[in-house]
Peer 1: 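Can you keep this structure in mind? I'll have questions shortly.
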Amino acid sequence: MYCVRKVSDDVFYVGGDDRRLALFENIHPIPSGVSYNSYVLLDESTVLVDTADWAIGRQFISNVEHALAGRGLDYVVVNHVEPDHAAMLEEVLLRWPSAKVIATAKAFTFLEQFDINVAQENRIPVKEGDTQSFGKHEFTFVTANMVHWPEVMVSFDTSDGTLYSADAFGTFGALGGKLFADEFDFDHDLLDDARNYYCNIVGKYGAQTQKLLEKASGLDINMICPLHGPVWRKDMDVFIDKYDKWSTYTPEDPDDAVIFYASMYGGTESAAQFVSQRLNENGTDARMYDVSSTPVTTLVGESFRAGKIIIASVTYNFEIFPKMQDFLSDIKMLGLKNRTVGIMYNGTWAPRCGALLRDFFTKDMKDINIVGEDPYVKSAATASDEEALTALADEIAKA
Ligand code: FEO
């Protein structure tokens, strides 16, 4: 059954939801699913803007056929080649073999690498500022290198102000029949998924995202149609402001604290809980996450949200606990910075991880303000630790 929604007079949403995929990119848990967005524009020519993942192939083809209503397909715009968006291109071209494909030169190279065959005579390579008219609608193509791959471009319809933004402004989560962001409660329904999507997928490329935001600020945008999550037609500033913060590694909640803890037998957890209680009692919103049972995707999202981070780790084979090490590797890879950090550690017989954590935040990370005296809990936290743990909480609170 086709599941198509009208985006505007001439544009139809032909994407679909994937609720069966457990791990996006085979790494990020998506309990609320994900949508692969695609759009059909009906003008003097017909245009498909991006395709979809194989996972929703049947739904997608049925949607495209319905939206075209018996017309042929003249153009496919490929803004991004990652297979969650371009995998279905091959099937589309088998069904509509005369469709011309509009993409950057690098995108055509990547399509070849993914073994997706586009006949040379059907290729329309475009570069920054090129335009293509489809009738009353005209697209201007704007490159968006590394948001999230190097071949990416976004397409701006100058006739109606629609920005087809590729991965930018995407959000995890199935749409479930809704389409527009104003059909959701942003803070309740979308914000965590949007943050987790940006920070984990595009987070490393803050400078490139800033470049795209700068280009977008020069466009008269009425609507944003991303490749995942809802379409934005109202209150875009709210989302653009979040993107500005995330891509400059500016905390969304600068006064909030997040405690990431690794605990084998509960001693470190108990100490972390003591610190969290002290912070909350004194008015700092502090949350705790067990790195062993919380997906790194969530930990990364929280580290981008809050301005203050406490790392509480047990030592493991003379090293930082492996699950904590995984999380730290991720925030290093993503280039997280501009954070206040407190360190607390544990060890029964060789408590090396305190020094290793300090080394990590001093040498491997940039623009980190470490506060406190790195309290050391010997095996289990006791009353003798109260003073040092309280001092750390107070240092974090006042930082
Ligand atoms: Fe949703 Fe970078 O692909």
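The structure presented is a predicted model; accordingly, all values stated were derived computationally and were not measured. Indexing begins at 1, ligand by ligand and atom by atom, following the structure's order. Along the sequence shown, residues carry numbers from 1.
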Peer 1: Mind reading off the angle at atom 2 (Fe) of ligand 1 between the ND1 atom of H148 and the OE1 atom of E82, rounded to 10°?
Peer 2: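 It is 90°, given to the nearest 10°.
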
Peer 1: Out of the candidates Y164, W232, Y243, only one should pair with F169 under the ring-ring contact (aromatic ring centres under 6.0 Å, His included) rule; please name it.
Peer 2: Y243

Peer 1: Dump the intermediate steps for salt bridge (Lys or Arg N to Asp or Glu O under 4.0 Å) on E112 and R123, then the final yes or no.
Peer 2: CA-CA 12 Å; E112 284 169 13; R123 298 182 184 193; 2.9 Å; yes

Peer 1: So, is the end of the R5 side chain (NZ or CZ) under 6.0 Å from the ring centre of Y13 and within 45° of the ring's axis?
Peer 2: no

Peer 1: Checking ring-ring contact (aromatic ring centres under 6.0 Å, His included) between F239 and each of F186, Y197, Y198, which is the one that passes?
Peer 2: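 Looking at F186, Y197, Y198, the match for F239 under the ring-ring contact (aromatic ring centres under 6.0 Å, His included) is F186.
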
Peer 1: Tell me, which N, O or S atom in D84 is closest to atom 1 (Fe) of ligand 1?
Peer 2: OD2

Peer 1: Can you name the N, O or S atom of D167 that is closest to atom 1 (Fe) of ligand 1?
Peer 2: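 Restricting D167 to its N, O and S atoms, the minimum distance to atom 1 (Fe) of ligand 1 goes to OD1.
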
Peer 1: Can an N, O or S atom be found in H85 less than 2.8 Å away from atom 1 (Fe) of ligand 1?
Peer 2: yes

